[in-house]
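Take a look at the structure set out below.
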Amino acid sequence: MHRTADAAEWHDPATGYRRRQITGPRFPADIAEVHLPPGARVPYPAASLAFQRVAVWVLDGRLTFHEGDAVHELDAGDSIEIDEPVPHVFANTGDAEFRYAVVLTRVAQP
């Protein structure tokens, strides 16, 4: 069992990005809750997904998600799965903070 008060949280002062760890180190998937303020952009290189698969689920608000050259607009309740290592960007182009969940699983080969 994990209590909210005990969860590890990380904050990026440059972007305002906040990430709270939901699962513990022994769980087979890494699940986190993320808050992204208006105007923030968080890029990741393709290498960050080399041995992982990712599912992103928008909980509140709207996410503009860049997956390589494709751009996806996701609203609350929408989700996307990334199974190829491509550069990607989480962007908040709106005027309110939004919240999403990220689920990472590890794979043996990229």
Side-chain angles (χ1 to χ4, degrees):
M1 180 164 131
H2 304 278
R3 299 270 184 209
T4 299
D6 298 330
E9 189 167 304
W10 181 76
H11 179 256
D12 178 10
T15 62
Y17 171 101
R18 290 185 338 229
R19 178 182 177 111
R20 182 173 65 95
Q21 194 61 37
I22 303 299
T23 51
R26 298 168 102 180
F27 195 75
D30 181 14
I31 303 173
E33 174 189 29
V34 179
H35 294 256
L36 198 62
R41 287 177 53 87
V42 181
Y44 291 91
S48 70
L49 294 175
F51 293 94
Q52 300 183 76
R53 297 299 178 259
V54 179
V56 177
W57 177 27
V58 178
L59 302 171
D60 296 309
R62 182 173 201 156
L63 164 64
T64 301
F65 185 76
H66 300 256
E67 179 186 20
D69 293 330
V71 178
H72 309 280
E73 298 291 339
L74 291 89
D75 292 312
D78 293 344
S79 63
I80 189 168
E81 297 171 12
I82 305 115
D83 59 5
E84 294 295 325
V86 296
H88 55 287
V89 176
F90 293 85
N92 184 347
T93 58
D95 57 0
E97 178 178 88
F98 74 85
R99 185 173 64 103
Y100 60 98
V102 175
V103 181
L104 300 169
T105 60
R106 283 146 189 71
V107 294
Q109 298 179 36

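No hydrogens, no waters, no symmetry mates; every other heavy atom, side chains included, goes into these values. Small disclaimer: the values here were computed from a predicted structure and weren't measured.
The two residues L59 and A76 have their closest heavy-atom pair at O-CB, 3.8 Å. Of all the heavy atoms in V103 and A29, the pair that sits closest is CG1-CB, 4.2 Å. A32 approaches Q21 most closely through the heavy-atom pair CB-OE1, 4.3 Å. Of all heavy-atom pairs spanning G61 and F98, the tightest one is CA-CB, 3.7 Å. In terms of heavy-atom proximity, V86 sits nearest to L49 at O-CD1, 4.0 Å. A pairwise comparison of heavy atoms in G94 and P38 identifies O-CB, 3.4 Å as the closest pair.
Screening V34, I31, D30 for a side chain to side chain contact (heavy atoms under 4.5 Å, CB included) with V102, the sole residue that qualifies is V34.
Checked by atom type and distance alone, the side chain of S79 never pairs as donor or acceptor with a backbone atom of A55 at under 3.5 Å.
Distance check: Y44 OH to I82 CD1 gives 11.0 Å after rounding to the nearest 0.5 Å. Considering CD of E81 and CZ of R53, their distance stands at 11.5 Å, rounded to 0.5 Å. Rounding to the nearest 0.5 Å places CZ of R99 at 13.5 Å from CG of L36. D60 CG to D75 CG: the interatomic distance, rounded to the nearest 0.5 Å, is 11.5 Å. To the nearest 0.5 Å, the span separating CD on E9 from CZ on R19 amounts to 11.5 Å. Note that OG1 of T105 and CZ of F27 are 11.0 Å apart. Values are rounded to the nearest 0.5 Å.
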**OP:** Apply side-chain contact (heavy atoms from CB on, under 4.5 Å) to the pair R62 and D78, showing each step before the final yes or no.
**Re:** CA-CA 9 Å; R62 182 173 201 156; D78 293 344; over 6 Å; no

Original post:
Could you walk me through whether V56 and L74 pass the side-chain contact (heavy atoms from CB on, under 4.5 Å) check?
Top reply: CA-CA 10 Å; V56 177; L74 291 89; 5.6 Å; no

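There is no path of hydrophobic side-chain contacts, each under 4.5 Å, that joins Y17 to W57. Under the 4.5 Å side-chain heavy-atom criterion for Ile, Leu, Val, Met, Phe, Trp and Tyr, I22 and W10 are members of distinct hydrophobic clusters.
Side-chain contact between H66 and R41 is present, with heavy atoms from C-beta onward closer than 4.5 Å. A 4.5 Å side-chain heavy-atom check between H72 and F65 finds at least one atom pair inside the cut-off.
Taking the six-membered ring for Trp and the full ring otherwise, the centers of Y100 and F90 sit less than 6.0 Å from each other.
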